[in-house]
Amino acid sequence: MLDDLTHNTDVVIIGGGLAGLFCALKLAPRPVTVISAAPLGQGASTAWAQGGIAAAVAEGDSAESHAADTVAVGAGLVDETIALGLAREAGARIHDLLHYGVPFDRDLEGKLAVGREAAHSARRIVHVRGDMAGRAIMSALIETVRKTPSIRVVEGYAAEDLLTLDGAVTGLQFRRVGDATAKPVTIATRAVVLATGGIGHLYAVTTNPVEASGLGLAIAARAGAVIADPEFVQFHPTAIMVGRDPAPLATEALRGEGATLINDRGERFMPARHPLAELAPRDIVARGVFAEIEAGRGAFLDAREALGAHFAEKFPTVYTSCMAAGIDPAKQPIPVAPAAHYHMGGIAVDARGRTSLKGLWAGGEVSSTGAHGANRLASNSLLEAVVYAARIAEDIGGSPIAAPARLPATSMQDCAMPALEGKSLRAMMTSHLGVIRHGERLAEAVRAFAGIERDTANIALRNMATTALLVAASAWARRESRGAHYRIDYPSERATLAHRTMTTLVAAREIAASLSERAPSRIVEHAS
Ligand SMILES: Cc1cc2nc3c(=O)[nH]c(=O)nc-3n(C[C@H](O)[C@H](O)[C@H](O)COP(=O)(O)OP(=O)(O)OC[C@H]3O[C@@H](n4cnc5c(N)ncnc54)[C@H](O)[C@@H]3O)c2cc1C
């Protein structure tokens, strides 16, 4: 399979989740190669999605209302034109998914059934058998991809470096996963679509699979791509705390169905924090849950009254996760905590999915389109993945792509991940870049990640540190609290900072260098 890659590498898609597979299908019959670190169906956040896809398809709902909700949740940083475009294209992309065989739930009249989720002003989440959306979407797409002759799938290989010349992509380096002695493989290509998903697994407490360790973002940043809003990481308020890594998720839809959040005294704590109580924006709920845990009272999701005996039938995935840990959610409250869940930041792309590098497109969670701002609206990410995957396919379809040249392998040889260093990086992300942040701890993290990024000879660790550094440096530089980025030393939103972050790896390294020159105790941040 690998031998003939150099003969047919017109378009290479890195990532086999929703964004990657949808893009490959939309490009058909143009030949594409999809490279996925994990076998298709595994190692992709898409497969774990429980809620569904936001789409204003119900009577009485509108794209304008969906866009307005998106803008309201994004805390001043959502690009309104992008949000409206996303909402308007939702219906067409849902129809594409139906065409590819996704069995979305329907009501008695045969219309798409829609559910409600936090901060949506209407019922607009299309779903599959309650909480099975992700799994159903993936299995339908995988089956269609396997039957499409123009799509070649290379599984079990991870991209680790992008090769560029004069700001344009010329090739790609990747390597077999899980084989410490594997040699890097280099291929020449002029068109790469990065669809590698998020960064959640850079955190010790996360809902994301291990493949979501920010490698796609790192390789784009190292090649010089502009990165947008890396400091904005969404923490899901209700990861189920049963000692698993990654932590299983109790979907937001449970709160949509009336489940409440209580502490160990049985008291609801969200009504005092926000008029929408449990259905407030995620960042506010996450901080509420975090505060109860910090105060020693614990946090639990209580679905006994709202769902009771219907729990297993309505939320089979959550039910199975709870029962496996000895908790019967029909009868007992579920212990929960906030966990790194979704990255609003990513590789900056325009409305066609183009990055700042010629020949590089990015789609899905690895990208930052401007649709999410400082806080993503629930179920907008699967929507963004399909909308942009389709736009990228259309853009590539209309672009002449130059023939690739042959390239030598250039990158580091060492690839076996030093377990201890990976573990401590993840622990530092959770302790220093979590739900509550502070300038001094952010500076500490910037220095630590910059040191690893500079000194390690291990390419996997370096990629993790590159992304961690971008998140930390931008979090340090944003001296305010906005959306999911909450700084205890700057607890208010500041009107002068109501703009997106556009940064590069060079800029993040400069921040690290300036912080390293100062003694930690003398660090003073200047408000701008
Ligand atoms: C538990 C959970 C529940 C969620 N629920 C919802 C929901 O209900 N609605 C919603 O809208 N969003 C939800 N999200 C978010 C949403 O699932 C993701 O944002 C979305 O699936 C991302 O799709 P993607 O294609 O960009 O990435 P993914 O689906 O994560 O796919 C990434 C792919 O890239 C591969 N990969 C990664 N690195 C490399 C590399 N270096 N080389 C080669 N391949 C690589 C992976 O193996 C994988 O195939 C949820 C997320 C989680 C974790």
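Atoms within a ligand are numbered from 1 in the order they appear, just like the ligands themselves. Throughout, residue positions are numbered sequentially from 1 according to the sequence presented. FYI, side chains are in, hydrogens and waters are out, and symmetry mates aren't considered; it's all heavy atoms of this structure.
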A.B. asks: For A49 and ligand 1, does the shortest N/O to N/O distance drop below 3.5 Å?
C.D. replies: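 Looking only at distances, the answer is no, because the N/O contact criterion of under 3.5 Å is not met.
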A.B. asks: With heavy atoms of Q50 as the reference, note each atom of ligand 1 found under 4.0 Å away.
C.D. replies: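 Listed by number with element, the hits are 5 (N), 8 (O).
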A.B. asks: Would you say T206's side chain and G200's backbone share a donor-acceptor pair under 3.5 angstrom?
C.D. replies: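 Confirmed, T206 side chain pairs with G200 backbone.
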A.B. asks: N/O to N/O below 3.5 Å, does that happen between G216 and ligand 1?
C.D. replies: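 No, no N or O pair falls under 3.5 Å.
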A.B. asks: Can you tell me the protein heavy atom closest to atom 51 (C) of ligand 1 and the distance?
C.D. replies: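 It is H341 CE1, 3.6 Å.
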A.B. asks: Report the part of T207 in contact with ligand 1, treating N, CA, C, O as backbone and CB onward as side chain, heavy atoms under 4.0 Å; options are side chain, backbone, both, neither.
C.D. replies: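 For T207, the contact with ligand 1 is made by both the backbone and the side chain.
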A.B. asks: Hey, which atoms in ligand 1 end up nearer than 4.0 Å to a heavy atom of A38?
C.D. replies: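 Every atom of ligand 1 under 4.0 Å from some heavy atom of A38: 47 (O).
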A.B. asks: List the closest protein heavy-atom neighbour of atom 12 (N) of ligand 1: residue, atom name, distance to the nearest 0.1 Å.
C.D. replies: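 Closest protein heavy atom to atom 12 (N) of ligand 1: S381 OG, 2.7 Å.
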A.B. asks: I need the single residue from V205, T467, L202 that forms a side-chain contact (heavy atoms from CB on, under 4.5 Å) with M429. Which is it?
C.D. replies: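 The passing option is L202.
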A.B. asks: Taking S65 for the side chain and D61 for the main chain, is one N or O donor matched with an acceptor at less than 3.5 Å?
C.D. replies: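 No; judged by distance alone, with no hydrogens or angles, the pair does not exist.
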A.B. asks: Does any donor atom in the side chain of R190 or T170 lie under 3.5 Å from an acceptor atom in the other side chain?
C.D. replies: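 Their side chains do not contain a donor-acceptor pair, so the 3.5 Å distance test is not met.
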A.B. asks: For atom 35 (C) of ligand 1, what is the nearest protein heavy atom, given as residue, atom name and distance?
C.D. replies: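 Nearest protein contact, heavy atoms only, for atom 35 (C) of ligand 1 is G15 CA, 3.7 Å.
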A.B. asks: Please check this pair: side chain of R123 against backbone of V114, looking for a donor-acceptor N/O pair closer than 3.5 Å.
C.D. replies: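 Side chain of R123 to backbone of V114: a pair is present.
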A.B. asks: Of the protein's non-hydrogen atoms, which lies at the shortest distance from atom 28 (P) of ligand 1, and what is that distance?
C.D. replies: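 The closest one turns out to be S45 N, 3.6 Å.
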A.B. asks: So which heavy atom in the protein is nearest atom 8 (O) of ligand 1, and how far is it from that ligand atom?
C.D. replies: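 It is G51 N, 2.8 Å.
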A.B. asks: Need the ligand 1 atom indices (1-based, order shown) with element for anything under 4.0 Å from a heavy-atom of A195.
C.D. replies: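 Checking each atom against A195, I get 32 (C), 33 (C), 34 (O).
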A.B. asks: Below 4.0 Å from any atom of ligand 1, is there a heavy atom belonging to A385?
C.D. replies: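 No; A385 lies far enough from ligand 1 that no heavy-atom distance drops under 4.0 Å.
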A.B. asks: Looking at F290, is R287 sitting on its ring face, NZ or CZ under 6.0 Å from the six-membered ring centre and within 45 degrees of the normal?
C.D. replies: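 Negative - R287 is either too far from the ring of F290 or too far off its axis.
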A.B. asks: Checking the side chain of R93 only, and the main-chain atoms of L97 only, is there a donor and an acceptor separated by less than 3.5 Å?
C.D. replies: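 No, R93 side chain to L97 backbone: no donor-acceptor pair under 3.5 Å.
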A.B. asks: In the protein, what heavy atom is nearest to atom 26 (O) of ligand 1, and what distance, to one decimal place, separates them?
C.D. replies: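 The protein heavy atom lying closest is E365 N, 2.9 Å.
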A.B. asks: Is there a nitrogen or oxygen of T46 sitting under 3.5 Å from a nitrogen or oxygen of ligand 1?
C.D. replies: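 Among all N and O atoms of T46, at least one is under 3.5 Å from an N or O of ligand 1.
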A.B. asks: Is it the case that the ring center of F22 lies less than 6.0 angstrom away from the ring center of Y100?
C.D. replies: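 Yes - the distance between ring centres of Y100 and F22 falls below the 6.0 Å cut-off.
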A.B. asks: Between ligand 1 and E384, can you find any atom pair, the residue atom being a heavy atom, that is separated by under 4.0 Å?
C.D. replies: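 Outside the 4.0 Å threshold, so no.
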A.B. asks: Is the closest heavy-atom distance from Y157 to ligand 1 below 4.0 Å?
C.D. replies: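 Per 4.0 Å heavy-atom rule, Y157 contacts ligand 1.
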A.B. asks: Give the atoms of ligand 1, by number and element, whose distance to some non-hydrogen atom of I14 is under 4.0 Å.
C.D. replies: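 Per the distance check, 42 (N), 43 (C), 44 (N).
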A.B. asks: Would Y342 and H372 count as a close aromatic pair, with their ring centres under 6.0 Å?
C.D. replies: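 Centroid separation for Y342 and H372: below 6.0 Å.
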A.B. asks: Answer with yes or no whether the side chains of E365 and S45 bring together a donor and an acceptor at under 3.5 Å.
C.D. replies: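 Note: S45 and E365 side chains miss the donor-acceptor criterion.
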A.B. asks: Indicate whether any N or O donor in one side chain lies under 3.5 Å from an N or O acceptor in the other, for E453 and T466.
C.D. replies: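 Their side chains do contain a donor-acceptor pair, which is all the 3.5 Å distance test asks for.
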A.B. asks: Heavy atoms, side chains only, cut-off 4.5 Å: are R222 and R462 in contact?
C.D. replies: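 Sidechains of R462 and R222: in contact.
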A.B. asks: Answer with yes or no whether the side chains of D283 and H485 bring together a donor and an acceptor at under 3.5 Å.
C.D. replies: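 There is no such pair between these side chains.
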A.B. asks: Any N or O of S36 that comes nearer than 3.5 Å to an N or O of ligand 1?
C.D. replies: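 S36 vs ligand 1: N/O contact under 3.5 Å present.
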A.B. asks: Under 4.0 Å from a heavy atom of W48: which atoms of ligand 1 are those, numbered in the order shown and with their elements?
C.D. replies: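 Once the distances to W48 are compared, the set is 1 (C), 2 (C), 3 (C).
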A.B. asks: Out of L112, D69, V57, which one pairs with R124 under the side-chain contact (heavy atoms from CB on, under 4.5 Å) rule?
C.D. replies: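 When side-chain contact (heavy atoms from CB on, under 4.5 Å) is applied between R124 and each of L112, D69, V57, only D69 qualifies.
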A.B. asks: Among all protein non-hydrogen atoms, which one is nearest to atom 40 (C) of ligand 1, and what is the separation to 0.1 Å?
C.D. replies: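 Checked against all protein heavy atoms, atom 40 (C) of ligand 1 sits closest to A159 N, 3.6 Å.
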A.B. asks: So, T189 and D10: side-chain donor and acceptor under 3.5 Å apart, yes or no?
C.D. replies: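 Checked: T189/D10 side chains show no N/O donor-acceptor pair below 3.5 Å.
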A.B. asks: May I ask you to list the atoms of ligand 1 that are less than 4.0 angstrom from any heavy atom of N208?
C.D. replies: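 This gives 53 (C) as the contact atoms.
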A.B. asks: Below 3.5 angstrom, do we get any N/O pair linking G52 and ligand 1?
C.D. replies: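 N/O-N/O distance below 3.5 Å exists for this pair.
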A.B. asks: Please list the nearest protein heavy atom to atom 37 (C) of ligand 1 with its residue and the distance rounded to 0.1 Å.
C.D. replies: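 The protein heavy atom lying closest is T196 O, 3.3 Å.
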A.B. asks: Considering both backbone and side-chain atoms of L249, is one of its nitrogen or oxygen atoms within less than 3.5 Å of a nitrogen or oxygen in ligand 1?
C.D. replies: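 No.
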A.B. asks: H236: which residues meet the ring pair (Phe, Tyr, Trp, His ring centres under 6.0 Å) condition with it, sequence neighbours left out?
C.D. replies: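 Once residues adjacent in sequence are excluded, the partners of H236 under the ring pair (Phe, Tyr, Trp, His ring centres under 6.0 Å) criterion are H341.
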A.B. asks: Of all the heavy atoms in R376, does at least one lie under 4.0 Å from an atom in ligand 1?
C.D. replies: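 It does, in that a heavy atom of R376 comes within the 4.0 Å cut-off of ligand 1.
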A.B. asks: Below 3.5 Å, N or O to N or O, backbone or side chain included: is there any such pair between L18 and ligand 1?
C.D. replies: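 It does: an N or O of L18 is found under 3.5 Å from an N or O of ligand 1.
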A.B. asks: Decide whether an N or O pair under 3.5 Å exists between Y342 and ligand 1.
C.D. replies: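 Y342 vs ligand 1: no N/O contact under 3.5 Å.
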A.B. asks: In ligand 1, which numbered atoms sit nearer than 4.0 Å to a non-hydrogen atom of G364?
C.D. replies: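 Counting atoms of ligand 1 from 1, those under 4.0 Å from G364 are 26 (O).
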A.B. asks: Provide the number and element of each atom of ligand 1 under 4.0 Å from a heavy atom of G16.
C.D. replies: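 Matching atoms, with element in brackets: 33 (C), 34 (O), 48 (C), 49 (O).
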A.B. asks: For the pair R175 and D161, evaluate salt bridge (charged side-chain N to carboxylate O under 4.0 Å, His left out) and give the outcome as yes or no after the intermediate values.
C.D. replies: CA-CA 10 Å; R175 201 185 308 237; D161 222 354; over 6 Å; no
A.B. asks: Any donor-acceptor pair under 3.5 Å linking the side chain of S367 with the backbone of T369?
C.D. replies: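 Such a contact is absent between S367 side chain and T369 backbone.
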A.B. asks: Is the shortest distance from a heavy atom of I53 to ligand 1 less than 4.0 Å?
C.D. replies: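 False for this residue.
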A.B. asks: Any heavy atom of S379 closer to ligand 1 than 4.0 angstrom?
C.D. replies: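 Right, S379 reaches ligand 1.
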A.B. asks: Assess V366 for proximity to ligand 1: is some non-hydrogen atom of it under 4.0 Å away?
C.D. replies: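 Contact absent.
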